[in-house]
Every structure is written in C-alpha cells, then in structure tokens.
Protein chains: 2
Amino acid sequence: MTDEHTADRDELALGRIETEVALLMRFGEATRRGTGTTEHRLLDRAAYVILRHLASVGPQNVSALAAKLNLDGSTVTRQVSAMQRDGLIARTPDPTDGRGTVISPTPAGLQRMAAVQAARTRLYGDILAAWSPDDRDSLAELLHRLNQALESRPRPR
Amino acid sequence: MTDEHTADRDELALGRIETEVALLMRFGEATRRGTGTTEHRLLDRAAYVILRHLASVGPQNVSALAAKLNLDGSTVTRQVSAMQRDGLIARTPDPTDGRGTVISPTPAGLQRMAAVQAARTRLYGDILAAWSPDDRDSLAELLHRLNQALESRPRPR
DNA sequence: CAGAACTACCTGTACGATACAGCTATCTGT
DNA sequence: ACAGATAGCTGTATCGTACAGGTAGTTCTG
C-alpha cells in the first residue's frame, strides 16, 4: 500500500494463499472420500460437525444448526434424522416453542465425536511429526485468524 | 517428546489445527455451494483445479489428471467431457499411445481460469485486508508446508 | 380475539460430484 | 502371438445438498 514492493509482495502472498487453500480443500475432500477406512465409518463429516457444535454450545434447534453450519434446514433435518436413528442425538420438543425441536447430543454421540476428534488429532500429529512446536503454534494461530476473517465476511458478494 | 510441557503444548496445537482445518473446510464448502454468485457460474471448482493443473504442468492424459487430483478416472472423464463441451479444454489423441487422450487447456479455458484465480486472489485480499504482509507471508508459507506434509503422506492408513 | 403473516420443521424431488463395476481398444512383455 | 495390463468410456448407485411445497404452531395487528 505504501510502496510498490509491498504491493507486489502482497499480491504474491495472496496468490500463494489462494493456491494453498484450494489445494488443502482438495486434500480434505480426497481424504474424506477416500477414507472409508477409519473415522468416516464411525461418523460422517456432517455428523461430526454437528456434534462438535452441539458439544460446544449446547442443545440447539434445527434452524439454529442450519444457520451456523450454513446449510439448508432440510439438509440438517435429514442429517439429524440419520443421527437420531444412529443414536447420536436426541430430539425433544422445545418446551418454549411448540414448533421447535431441540437437538441434544447423546452420550454415545459425544463419545463418538471425541473418538473421531482424537483420531484426527493423532493424524495431524503424524503428518506434522517433523514440525517444531513453534511452527505448529503458528499454523494453529494463523488458521484461527483466517477463519475469523472469513467468518466476519460471510457474504463475499 | 522430551518433556511433558512440550507434549501438552503439542497436543493443544494439534487440537487447534484440527479444529481450524475442519472449520476452514466447512467455509470452503459453504462458499462453494452458496456462491452461485460469481466464479462458480463461470467455472465450477473441479474445472478450475483441472485447468490450474493443466496450466502449470502442461497437457495431461485423463489418468494422470485423476491420479493428481485424487479422483476416479471416470469422474475426470466426465468432468473433462463437460469442459470440452464448454470449450475449456481440447481432447487430442495421444500420438504415442493409441489408448490415451491428451487433455489440453484452450485459450478460453486458460483465460477463464485466470479470471477466477484473480477473483479469488482479490477475495483473499479483501478478507485479509487487515493483515500485515508478514502474517500473509507466514500463512502462505505454513499452508504450503502443511500441504507438502499432507502430500508426502497420502495414505493415512 | 380473529385473521394475517410469519416461522420451524418435514417431505418430495432434483441435481451434482463422486465411486465402482464392467466394457472396448490398445499396448507390453515373454 | 497371446496373456495380462492399461486408458478411457459408460452404466449405475450413493451421498450431500438445495429448493419448493406442506403442516403445525406462533406472533402481530386492527
């Protein structure tokens, strides 16, 4: 912004970030698809994210979940139905609103979530085995800030 | 590994990384889905990735693309067919192998790819407007290293 | 307080991206 | 020259998602 070198450097960094995020996304998807192996036999990803959210902020109704996850309500309805069938969450009528249904994680659901989380953490430990603690911290911190930046800018258009 | 404090700190960082990557993935998908708005009207994501790869390493056959993108050959076949229909790539018989088909980007394809790339880079510039150049560089670098680490460990199991 | 407008959820349906299985044409090694 | 491998295509199935429409319950308004 102040001089041309800085502008160039920024351009470059942004391009690299764009590239790397795209690449990471590819990896994530490939992993998700390809890994029927472990976790995803236990818990498909949507269920994992829903459980994490329920665990962190407490029981929620379908609409709140949908809003948080950026998904259509109907999608969440179905995912929640599947999770109920699998005993991962429980539906109870919302006492304060006859239309609503409150979704709560079951102990089994929380336990499965924790197991998947642990497996993933282990996986990262494996992948980042050669990294210094400082680098790990930095990555965690920068990703956190990136997500914050993304969150505060939900409508890119 | 050497002392308990380090181990704890690592655990923590790994957990955070796991969380943030999952979150980033969610964002990416939500953006992809929700954004019929701009880029994705122009170029769906698979096409973008394919074009990027073709642009960076030159014309490829379907199998090579599939391997690189971690996708089934049939998937790539269909994507490539759609891209051919849209004039983004051209198929030519492989002169050195009668079975093969070489996929090359067309000028139109490269141009669309560049436009999407520019749009994305601009978007990141927007999102990271408040970041210092140093932080941007760090993020780019760490993401790059993360992807490298992921790549050298393609089969987590 | 009655009807209108809204909201929460569910169900039907459609679509896109993907995988797997099976096919044909071609190539390669013995 | 034949057997087996490989490249690509097509058929079919699945999964996650969205959108449209329906029903029941809630809130607002005159």
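Each chain gets a letter, A, B and so on, in the order its sequence line appears, and its residues count up from 1.
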Enumerate the protein-to-nucleotides 22-25 of chain D contacts in which both atoms are nitrogen or oxygen and the separation is below 3.5 Å.
{"from": "D/dG25", "atom 1": "O3'", "to": "A/Gly98", "atom 2": "N", "distance (Å)": "3.4"}
{"from": "D/dG25", "atom 1": "N2", "to": "A/Arg99", "atom 2": "NH1", "distance (Å)": "3.2"}

Worked verdict on A/Arg52 versus B/Glu18 for salt bridge (Lys or Arg N to Asp or Glu O under 4.0 Å): CA-CA 12 Å; A/Arg52 286 199 68 161; B/Glu18 190 271 329; 2.8 Å; yes

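- Within the structure, a side-chain polar atom (N or O) of A/Arg26 is placed less than 4.0 Å from OP1 or OP2 of C/dT18.
- Along DNA chain C, the nucleotide closest to B/Arg78 and the one closest to A/Arg91 are compared, and the more 5′ of them pairs with A/Arg91.
- Straight-line distance from the CG atom of B/Asp72 to the P atom of D/dG11: 16 Å, rounded to whole Å.
- Rounding to whole angstrom units, CG of residue A/Leu71 and C1' of D/dG16 are separated by 9 Å.
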Per-pair distances, 0.1 Å, donor-acceptor, side chain in residues 102-111 of chain B, under 3.5 Å, sequence neighbours excluded:
{"from": "B/Thr106", "atom 1": "OG1", "to": "B/Gly87", "atom 2": "O", "distance (Å)": "2.7"}
{"from": "B/Thr106", "atom 1": "OG1", "to": "B/Leu88", "atom 2": "O", "distance (Å)": "2.9"}
{"from": "B/Thr106", "atom 1": "OG1", "to": "B/Gly109", "atom 2": "N", "distance (Å)": "3.0"}

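- Among the protein residues, B/Thr75 comes within range of the nucleic acid bases, having at least one heavy atom under 4.0 Å from a base atom.
- Contacts of B/Gly73 with the nucleic acid, taken as non-hydrogen atoms under 4.0 Å apart, are absent.
- For the pair B/Thr75 (side chain) and B/Leu71 (backbone), a donor-acceptor distance under 3.5 Å is absent.
- Checked for salt-bridge contact, B/Arg145 and A/Asp135 meet the test: a charged N lies under 4.0 Å from a carboxylate O.
- Atom CG of B/Asp94 and atom P of C/dT28 are 11 Å apart (whole Å).
- Dashed line: the shortest gap from a side-chain N or O of B/Thr77 to OP1 or OP2 of D/dC9 is under 4.0 Å.
- Atom-to-atom, CD of A/Gln79 to C1' of C/dT11 comes out at 16 Å; the value is rounded to the nearest Å.
- The distance from atom CD of B/Glu29 to atom C1' of C/dG16 is 13 Å, rounded to the nearest whole Å.
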Candidate pair B/Arg120 and B/Tyr124, rule side-chain hydrogen bond (donor to acceptor under 3.5 Å, both in side chains), full reasoning: CA-CA 6 Å; B/Arg120 288 192 181 195; B/Tyr124 280 107; over 6 Å; no

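- Contacts between residues 60-67 of chain A and DNA chain C, counted as heavy-atom distances below 4.0 Å, involve A/Asn61, A/Val62, A/Ser63.
- Distance NZ (B/Lys68) to P (D/dA7): 16 Å, rounded to an integer number of Å.
- If you check the side chains of A/Thr96 and A/Asp94, you find a donor sitting under 3.5 Å from an acceptor.
- Counting heavy atoms from C-beta outward, A/Leu24 and B/Leu24 have side chains that approach closer than 4.5 Å.
- Within 4.0 Å of B/Ser81, counting heavy atoms only, lies no atom of the nucleic acid at all.
- Between the B/Asn147 side chain and the A/Glu20 main chain, a donor and an acceptor come within less than 3.5 Å of each other.
- Remark: side-chain polar atoms of A/Arg136 are paired, donor with acceptor, to backbone N or O of A/Leu128 under 3.5 angstrom.
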